[in-house]
Amino acid sequence: MMDDNRILIAGAGPVGYAAALNLAHYGIPFTLLEGDATILDDPRAGTIHPPTLEMFANLTLTETFNDHGYIVRNYHYRDRKTGLVANFNLGVLSNDTPYPYRLMLEQHKVSGIIDNALKNYKNHKILRKHRVMEVEQDNHIVVVKVETPNGPTIFRGRYLIGCDGGRSQVRKFMNVNFEGFTFPERFLVVTTPYDFEKVGYAFTNYVSDPGEWCALFKVPGLDEKGIWRVVFPTNPDLTKEEIFDDQNIEARLQGFHPNSNSFPVVHRNLYEVHQRVASCYRDGRILLAGDAAHINNPLGGMG
Ligand SMILES: Cc1cc2nc3c(=O)[nH]c(=O)nc-3n(C[C@H](O)[C@H](O)[C@H](O)COP(=O)(O)OP(=O)(O)OC[C@H]3O[C@@H](n4cnc5c(N)ncnc54)[C@H](O)[C@@H]3O)c2cc1C
């Protein structure tokens, strides 16, 4: 019966981990159920804004994040043809926040750092290869059926927080809609070690153009030596293979920034962009957080 008194969290993405760390900090027992075996390091979120840094400062992790990320104090709005339009100085926020900058740090590193920090706390379990399949609740308890390496298992808790991403399984068992739309064009992210800083770019750049906008970010990368992500829109009529074609990618990079050598490309990624929000974030003892509750264009680093 004691075990029923804990909080269940579905999904160990950055939001599930953040929820877990908050519960640990306040001494509330929890079980974190994650379907995947490991923390995936595919290129996704790379930007952390001041309010999130303030939250993690309360949990004593912001300095660790700073140690592994890039502190970016300005960003550029640019026109693809005419160049720099505006250079935003985030230092003007210094009276409003102790962290007047964006921190560039990949989300899998955020998850890894929190995972490590949780080792300092007791009364919790992090169970990987545990995929939430079904959810039931009454006035007192939430009952979750979980697929595990040893077969289906039942977990009980006082509350369940669904942090299981945009396709949330938890949400399907709640009395909520997930209204909104999906943009017809997908976004292409090309990752290259080419050093755009030496040709005048900031670590964060939003580049306008009536034909092909672009966004450019520098993140630490796996070896923390720095890597650039270039984001382009794509033609909805093209297949993934056509979009990923080497010549196509080289042409797009050359079109954006002509270079005498070809661009080294270390990763390419294509993702759908949605704008959807749950009609309610809570149904009885079940709550939604993160992408399970709301998904939007991540370009501003506010996914
Ligand atoms: C290219 C790209 C760039 C982005 N850049 C930014 C950015 O700079 N800043 C920003 O804030 N956001 C950004 N985003 C958005 C950001 O990645 C998401 O908002 C973020 O990952 C949401 O975190 P989450 O923990 O809610 O969900 P997720 O990261 O999707 O994590 C969900 C977790 O739940 C697990 N799971 C799923 N189903 C189950 C189940 N049934 N049972 C158990 N576990 C389950 C998954 O394996 C996963 O580990 C970007 C996204 C993309 C694609």
Side-chain angles (χ1 to χ4, degrees), residues 8-21 31-53 55-56 69-70 72 75 102-112 114-115 126-135 144-148 152-153 155 160-173 182-183 186-191 203-204 206 215-219 229-234 267-278 281 287-303:
L8 303 175
I9 304 170
V15 173
Y17 267 118
L21 187 62
T31 299
L32 177 54
L33 302 160
E34 165 58 44
D36 284 343
T38 56
I39 297 173
L40 302 181
D41 64 3
D42 59 321
R44 295 184 68 189
T47 303
I48 307 178
H49 287 291
T52 310
L53 294 170
M55 179 190 79
F56 280 112
Y70 291 145
V72 176
Y75 62 95
R102 343 174 11 143
L103 185 73
M104 304 306 290
L105 179 66
E106 298 95 323
Q107 73 177 52
H108 67 92
K109 294 181 188 166
V110 170
S111 296
I114 299 175
D115 187 75
I126 300 175
L127 302 176
R128 293 196 160 269
K129 296 200 225 172
H130 279 60
R131 185 165 295 280
V132 171
M133 304 304 289
E134 292 173 26
V135 181
V144 177
K145 185 173 173 188
V146 178
E147 190 181 272
T148 80
T153 305
F155 287 79
L160 167 66
I161 312 176
C163 304
D164 50 342
R167 296 178 198 278
S168 173
Q169 182 73 1
V170 170
R171 197 178 58 232
K172 292 178 188 151
F173 290 88
T182 298
F183 288 88
R186 291 172 291 176
F187 288 5
L188 168 68
V189 186
V190 179
T191 310
F203 277 27
T204 296
Y206 298 103
L216 181 62
F217 309 96
K218 187 173 186 183
V219 294
R229 290 185 187 168
V230 196
V231 187
F232 293 110
T234 61
H267 199 277
R268 54 201 80 187
N269 192 17
L270 191 63
Y271 63 95
E272 285 193 323
V273 183
H274 313 271
Q275 187 161 307
R276 296 180 189 277
V277 62
Y281 292 175
L287 299 96
L288 293 174
D291 276 15
H294 43 69
I295 43 178
N296 60 280
N297 183 338
L299 262 190
M302 297 190 188

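One-based numbering, in listed order, for ligands and for the atoms of each. Quick caveat, the model's predicted, so the values are computed rather than measured. Position 1 is the first residue of the sequence; numbering continues from there. Worth knowing before you read on, the calculation uses all heavy atoms, side chains too, and leaves out hydrogens, waters and symmetry mates.
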Asker: Under a 4.5 Å cut-off applied to non-hydrogen side-chain atoms, are V189 and H267 in contact?
Answerer: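 Answer no - side chains too far apart.
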Asker: I want to know if ligand 1 touches Q107 in the polar sense, i.e. an N/O pair below 3.5 angstrom.
Answerer: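 It does: an N or O of Q107 is found under 3.5 Å from an N or O of ligand 1.
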Asker: With a sphere of 6.0 Å drawn around NZ of K172, does it hold more than 12 non-hydrogen atoms of other residues, nucleotides or ligands?
Answerer: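 Atom NZ in K172 is crowded, with more than 12 foreign heavy atoms closer than 6.0 Å.
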Asker: Do V144 and L160 come close enough that some side-chain heavy atom pair is under 4.5 Å?
Answerer: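 V144 vs L160: side chains touch.
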Asker: Taking side chain as C-beta onward, heavy atoms only, is V15 less than 4.5 Å from D291?
Answerer: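 Side chain of V15 against side chain of D291, heavy atoms only: no contact under 4.5 Å found.
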Asker: Taking 4.0 angstrom as the limit and counting only heavy atoms of L33, give me the atoms of ligand 1 inside it, by number and element.
Answerer: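 Atoms satisfying the 4.0 Å criterion: 43 (C), 44 (N).
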Asker: Give yes if a backbone or side-chain nitrogen or oxygen of V132 is under 3.5 Å from a nitrogen or oxygen of ligand 1, and no if not.
Answerer: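 Yes, V132 has an N/O under 3.5 Å of an N/O on ligand 1.
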Asker: Indicate the atoms forming the closest heavy-atom contact of N269 with P43, along with that distance.
Answerer: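 In terms of heavy atoms, the two residues are closest at ND2-O, 3.3 Å.
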Asker: Should Q169 be counted as touching ligand 1, given the test is an N or O pair under 3.5 Å?
Answerer: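 Between Q169 and ligand 1 (N or O atoms, distance only) the closest approach is not under 3.5 Å.
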Asker: Just how far is it from atom CG of L287 to atom CD1 of I9, taken to the nearest 0.5 Å?
Answerer: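 Answer for the CG-CD1 pair, L287 versus I9, is 11.0 Å.
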Asker: Heavy atoms only, cut-off 4.0 Å: how does N269 contact ligand 1, side chain, backbone, both, or neither?
Answerer: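 Neither; no heavy atom under 4.0 Å.
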Asker: Taking non-hydrogen atoms only, is C163 closer than 4.0 angstrom to ligand 1 via side chain, backbone, both or neither?
Answerer: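 Under 4.0 Å from ligand 1, C163 contributes backbone atoms alone.
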Asker: With heavy-atom distances below 4.0 Å as the criterion, list the atoms of ligand 1 near G13.
Answerer: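 Selected atoms, number and element: 25 (O), 31 (O), 33 (C), 49 (O).
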Asker: Below 3.5 Å, N or O to N or O, backbone or side chain included: is there any such pair between A10 and ligand 1?
Answerer: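 No.
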Asker: If you measure every N/O of G35 against every N/O of ligand 1, is any gap under 3.5 Å?
Answerer: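 So ligand 1 has an N or O lying under 3.5 Å from an N or O of G35.
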Asker: For ligand 1, is there an N or O atom under 3.5 Å from any N or O atom of Y271?
Answerer: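 It does not: no N or O of Y271 is found under 3.5 Å from an N or O of ligand 1.
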Asker: Does any N or O in the side chain of R171 come within less than 3.5 Å of the main-chain N or O of A292, such that one atom is a donor and the other an acceptor?
Answerer: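 Pair found, side chain donor or acceptor close to backbone of A292.
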Asker: As a check for students: among A37, G290, A45, identify the option with a heavy atom nearest to atom 4 (C) of ligand 1.
Answerer: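 Nearest option to atom 4 (C) of ligand 1, by heavy atoms: A45.
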Asker: Which of the numbered atoms in ligand 1 are under 4.0 angstrom from any heavy atom belonging to G11?
Answerer: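 Taking each heavy atom of G11 in turn, ligand 1 has 33 (C), 34 (O), 35 (C), 44 (N) under 4.0 Å.
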Asker: Provide the number and element of each atom of ligand 1 under 4.0 Å from a heavy atom of V15.
Answerer: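 Those qualifying, in numeric order: 23 (O), 24 (P), 25 (O), 26 (O).
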Asker: Atoms of ligand 1 less than 4.0 Å from D36 heavy atoms?
Answerer: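 With D36 as reference, the close atoms of ligand 1 come out as 47 (O).
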Asker: Are R131 and D36 close enough for a salt bridge, meaning some N to O gap below 4.0 Å?
Answerer: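 Yes, charged N to carboxylate O under 4.0 Å.
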Asker: So is there a nitrogen or oxygen of E34 less than 3.5 Å from a nitrogen or oxygen in ligand 1?
Answerer: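 Yes - when backbone and side-chain N and O of E34 are compared with those of ligand 1, one distance drops under 3.5 Å.
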Asker: Need the ligand 1 atom indices (1-based, order shown) with element for anything under 4.0 Å from a heavy-atom of T47.
Answerer: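 Near T47, the atoms of ligand 1 are 7 (C), 8 (O), 9 (N).
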Asker: Quick one: sort the Y206 and F217 rings into parallel, tilted or perpendicular, breaks at 30° and 60°.
Answerer: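 Perpendicular.
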Asker: Determine, using heavy atoms of H130 and all atoms of ligand 1, whether some pair is separated by less than 4.0 Å.
Answerer: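 It does, in that a heavy atom of H130 comes within the 4.0 Å cut-off of ligand 1.
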Asker: Sequence neighbours left out, what passes ring-ring contact (aromatic ring centres under 6.0 Å, His included) with F173? Give chain and number order.
Answerer: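 Testing F173 for ring-ring contact (aromatic ring centres under 6.0 Å, His included), a comparison that skips the adjacent residues, returns none.
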Asker: Are the side chains of E106 and R229 in contact, using a 4.5 Å heavy-atom criterion?
Answerer: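 Answer yes - side chains close enough.
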